[in-house]
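Input: a single structure, listed below in C-alpha cells.
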There are 2 protein chains.
Amino acid sequence: MDTADRTPTSVPGGGRRRPRTGTRAQTASMADVARLAGVSSQTVSRVSNGYAGVTDETRQQVLAAMKELGYRPNSAARALKRGEFRTIGVITFSLSTTGNVRTLEAIANSAAHEGYAVTLLPVAVPTQDEVRGAFSRLEELAVDAVIVIMEVHLLDAATIALPPHVQVVVVDSDAGDRYTVVDTDQAGGSRAAVRHLLDLGHTTVWHLGGPDGSFAAQRRADAWHAALVEAGRTPPPLVRGDWSAESGYRAGLDLAGHQDCTAVFAANDQMALGLLRALNERGRRVPEDVSVIGFDDIPEAGSFLPPLTTLHQDFAEVGRLCVENVLRKMRIGGGERGTTLVPTRLVVRESTAPPPART
Amino acid sequence: MDTADRTPTSVPGGGRRRPRTGTRAQTASMADVARLAGVSSQTVSRVSNGYAGVTDETRQQVLAAMKELGYRPNSAARALKRGEFRTIGVITFSLSTTGNVRTLEAIANSAAHEGYAVTLLPVAVPTQDEVRGAFSRLEELAVDAVIVIMEVHLLDAATIALPPHVQVVVVDSDAGDRYTVVDTDQAGGSRAAVRHLLDLGHTTVWHLGGPDGSFAAQRRADAWHAALVEAGRTPPPLVRGDWSAESGYRAGLDLAGHQDCTAVFAANDQMALGLLRALNERGRRVPEDVSVIGFDDIPEAGSFLPPLTTLHQDFAEVGRLCVENVLRKMRIGGGERGTTLVPTRLVVRESTAPPPART
DNA sequence: AAGGCAGATGTTTACGTAAACATCGCGGCG
DNA sequence: CGCCGCGATGTTTACGTAAACATCTGCCTT
C-alpha cells in the first residue's frame with residue numbers, strides 16, 4: 001500500500017505522513033532517493049556504503065538524487081541493522097584535572113581516527129550514587145565499549161551494572177587483575193623524581209602527596225617511600241594535599257618551617273605551584289634553599305617561578321592505548337586483563353638544584 | 001514463520017540465529033522477554049516505558065523475565081522508532097583551553113540532567129579541512145542538536161554541511177545575527193579590568209592580547225581600547241601573545257623594558273602567568289612596580305606569585321545556557337537567533353595596586 | 001552459435017521497538 | 001437481562017537500512 005495512490009486532498013489535516021513523535025523534521029530516506037534516481041533502494045545502499053558493483057552512471061544518478069534531497073543515512077537504522085553503534089562511552093569524574101582532560105582528548109582523537117564517536121558520561125560528584133547513576137545511564141546508551149577514567153575503588157563501590165558484552169578499559173587504577181588497565185608509570189616516575197633529587201646531593205626528599213583514598217596518590221607516595229628506603233635514606237613524614245594549588249600552598253607554609261627540608265617532591269604540578277608560593281612567601285628561595293619537583297608537566301609548568309622541574313606524563317599515549325585496547329578487546333571479544341604502563345619523562349627546569357651548603 | 005518450530009538440529013552449523021555482522025554479542029530482545037513472561041512484546045514495551053494499563057501482576061512477571069534475561073532496551077531500535085537520539089553533539093577544538101573544557105563539562109552535566117547524552121567531536125588541528133572533516137563525521141552522527149565551541153570564522157571557512165533541521169548553538173563567537181550564540185561578556189569583562197586599573201590611579205593600561213584571528217582576543221582588545229579612549233587615556237601599542245604562558249613570558253620580557261608601563265591587562269591567566277615570570281626575572285615587582293590583571297580565573301590563579309587579580313568567567317553557566325538554548329530550539333523547531341551574554345566577575349587578589357609614586 | 005558466467009540491479013526479509021488498532025472479558029447501568 | 005464501556009492485553013505495521021537471495025543483461029568461451 002503506497003501512500004502515493006492516495007490523493008493529497010483526502011488528508012485535510014496535512015502532514016499525515018511521518019507522524020514522528022520525535023523532534024527531528026522529516027529527512028529523505030533511501031526509498032526517497034531511490035524513487036528520485038529511478039533505482040532500487042538497495043542500489044542506493046550500495047552507493048551510500050561505497051560498494052563495488054554499481055555502474056558509474058548509476059552511481060552519479062544516485063549521488064545527484066542524494067544531493068537534491070539532502071539525504072543522509074539514518075544512523076539509528078544503520079546501528080540497528082549492523083548491531084553496533086561505532087561509539088565508545090567515556091565515563092569520568094569532573095574534567096578538572098589536567099590528566100583526565102588530556103586523556104579524554106586523546107581518546108576522542110584516536111576514536112575519531114578509527115571511525116568511532118565518543119560519548120561523554122560525566123559524574124558530577126564522586127559518590128557511589130552518582131557513579132551508579134552514570135552507569136545506569138550508560139546501560140541505556142548506545143555504546144559498543146566503555147573507557148573508565150576513574151579510580152577503581154569507586155568503580156567497585158558502585159554495584160556496577162555494566163551491560164554484558166561491553167568491553168571496558170580502565171585508566172588510573174591498579175586493578176590489572178580484574179580489568180584491562182592503561183596508566184602512566186606512576187611508580188617509575190616517582191622513583192625518577194626521588195633519584196634526581198638524591199643525585200643532586202639532597203640527604204632526603206619530602207613528599208607532598210595527593211589525597212587519602214586516591215590510588216594515584218598512594219602509588220606515588222609508596223614509590224617515593226620505597227625509593228628512599230632503597231637508597232638508605234630516612235623518609236620524612238608524608239604531607240598531604242588534595243591535588244589543588246591551594247592545598248599545596250597550605251602544606252607549603254608548614255614545610256617552610258622545617259629548616260632541614262631541602263627537597264620536596266610534589267605529587268602534581270598544581271600543588272607544586274602552591275608550594276612555590278608558600279616557600280616564596282616564607283623567604284625560602286627555590287632552588288637555592290629548597291628544590292621542588294612536580295608531576296604531570298602541565299603546559300604552564302615552564303612558566304612557574306621558577307620554571308618547574310617535573311615528570312612529563314604522556315597522556316596522548318595513554319588515550320591512544322585505551323582506544324587501541326578497547327577496540328582489540330571488542331574484536332577478539334575478549335576478557336583480556338593486565339596493565340599497560342606508559343613511561344614518564346623527567347623534564348629538568350630550574351626548580352631543582354644541589355642543596356645549600358651546610359653551615 | 002517462527003524460528004521456534006524449526007528443530008535446532010536442522011542447523012548443523014549452529015549460530016544461525018542472529019548472524020550479526022557487528023561486534024556485539026546477542027542480547028535479549030523484547031520478544032525474548034515476552035516469550036519467557038508469557039505475554040506479548042507490546043506488553044513488555046509498556047512495562048519498559050512505564051506506561052499505565054498493565055496489571056501489577058503482569059508487570060512483575062515481565063520485570064522478572066527482564067532480569068533473568070538481562071534485558072536492556074536496544075537504543076538503536078528505540079531511536080529509529082522514535083526519530084530522536086537524545087544526544088547532543090559538541091564540536092570543539094583541542095581541549096587545551098580551560099574555557100573549552102569547563103564549558104564542555106557544564107554542557108555534559110546539563111545534558112545528562114535533561115536525559116541527553118553528549119557526543120564529542122574533536123577537531124585536532126584548526127584547519128579548514130579538519131573542521132570540514134569533523135562536520136562531515138557529524139553528518140553521519142546520531143545527534144539531535146549540535147553545540148559548537150569554536151570561533152565562527154572557522155565555522156564559516158568550512159563549507160558547513162550541517163544536517164538540516166539539526167539545531168546549532170555556538171559558543172565563543174559574535175555571530176548572533178546568524179546563529180544562536182552563548183558567550184561570556186568579553187567586552188564587559190575587559191572594561192571592568194581597565195576600569196579597575198584606572199581606578200587604582202594608573203595613567204593608562206597596556207594590553208597583552210590573544211592571537212590575531214581570534215574573535216575572543218579581538219573583542220577583549222577592542223573593549224580595552226574603547227575603555228581607555230572613553231576615559232580620555234592614550235592606549236599604548238597592543239602586544240600580542242598566543243594564549244600560552246610561554247608567549248606571555250616572551251611578551252613580558254619586552255614589556256618589562258617599558259619603564260612607563262605600570263599596568264597590564266592580560267587577555268588570559270596563562271599569559272598573565274608568563275608575564276609575572278618575565279617581570280620577576282627583570283626585577284619589576286608585582287604589584288608594587290607593575291599591576292597585572294588576567295582573564296578567566298583558572299583554579300590556579302589564586303596561587304600565582306602573587307595571587308592574580310582576574311576576571312572570573314562562569315563557564316558552568318555558559319554550558320548550561322547552551323544546552324537550554326539548543327533544547328528549546330529543538331522543541332520549537334526554531335530558527336532563533338541572538339546572543340546570550342554571561343557576565344564576568346572581577347576577582348581582586350594581590351597582583352594589582354596603585355602605581356608607584358612618580359619620582 | 002549455444003552455454004555459461006560475471007557483473008549490475010531488483011526483491012525479500014529481518015534488525016528491535018512502539019504507535020495504532022483490534023480483541024477480549026468483566027462490571028455497571030438502564 | 002443485555003448492552004455498553006473501559007481496562008488489559010494481543011496483533012499489525014512501520015521506522016530506515018543492508019544482508020541474502022533472485023533476476024536480468026550481455027559478452028566471452030568453446
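This structure is a prediction, so every number in the text was calculated from the model and none was measured. Order of the sequence lines sets the chain letters (A, B, ...), proteins ahead of strands, with each chain counted from 1.
Of the candidate nucleotides dG16(D), dG10(D), dT17(C), dT17(C) has the atom nearest to the side chain of Asn74(B). Closest to the side chain of Thr55(B), out of dA18(C), dA19(D), dT9(D), is dT9(D).
Across the protein-nucleic acid pair, Met30(A) atom CE and dC15(C) atom P stand 19 Å apart, rounded to whole Å. With rounding to whole Å, Met66(B) atom CE is found 15 Å from dG16(C) atom P. With rounding to whole Å, Glu57(A) atom CD is found 16 Å from dT25(D) atom P. Between the CG atom of Asp56(A) and the P atom of dG7(C) there is a distance of 16 Å, rounded to whole Å. Taking atom CG on Leu69(B) and atom P on dG16(C), their separation rounds to 13 Å, with Å as the unit. Between Phe85(B) atom CZ and dC15(D) atom P there is a gap of 15 Å when expressed in whole angstrom units. The OH atom of Tyr71(B) sits 10 Å away from the C1' atom of dA18(C) (whole-angstrom rounding). Rounded to whole Å, atom P of dA18(D) lies 12 Å from atom CD of Glu84(A).
Side-chain atoms of Arg35(B) do not come within 3.5 Å of backbone N or O of Met30(B) as any donor-acceptor pair. Here the side chain of Asn109(B) pairs no donor or acceptor atom with the backbone of Ala106(B) at under 3.5 angstrom.
Remark: Val101(B) engages Leu95(A), Val101(A), Leu95(B) in a side chain to side chain contact (heavy atoms under 4.5 Å, CB included) (not counting sequence neighbours).
The pair Glu84(A)-Arg82(A) fails the salt-bridge criterion, with no side-chain N (NZ, NE, NH1 or NH2) lying under 4.0 Å from an Asp/Glu carboxylate O.
The side chain of Arg82(A) contributes no N or O atom lying less than 4.0 Å from OP1 or OP2 of dT17(D). Remark: Tyr51(B) is in phosphate contact with dA19(C), judged by side-chain N or O atoms under 4.0 Å from OP1 or OP2. Contact check, Ser29(A) against dC15(D): no side-chain N or O comes under 4.0 Å of OP1 or OP2.
Looking at Arg78(A) and Asn49(A), their side chains do bring a donor and an acceptor atom within 3.5 Å of each other.
The nearest heavy atom of DNA chain D to Val54(B) and to Leu80(A) marks one nucleotide each, and the one closer to the 5' end goes with Val54(B). Of the two residues contacting DNA chain D, namely Gly53(B) and Ala77(B), the nearest-nucleotide position lying further toward the 5' end is that of Gly53(B).
Near DNA chain C, defined here as any heavy-atom distance below 4.0 Å, the residues from residues 40-49 of chain B are Gln42(B), Ser45(B), Asn49(B), listed numerically.
Partner of Ile147(A) under the side-chain contact (heavy atoms from CB on, under 4.5 Å) criterion, chosen from Ile107(A), Ile91(A), Leu121(A): Ile107(A).
Tyr51(B) does not carry Arg46(B) over the face of its six-membered ring by the limits of under 6.0 Å from the centre and within 45° of the normal.
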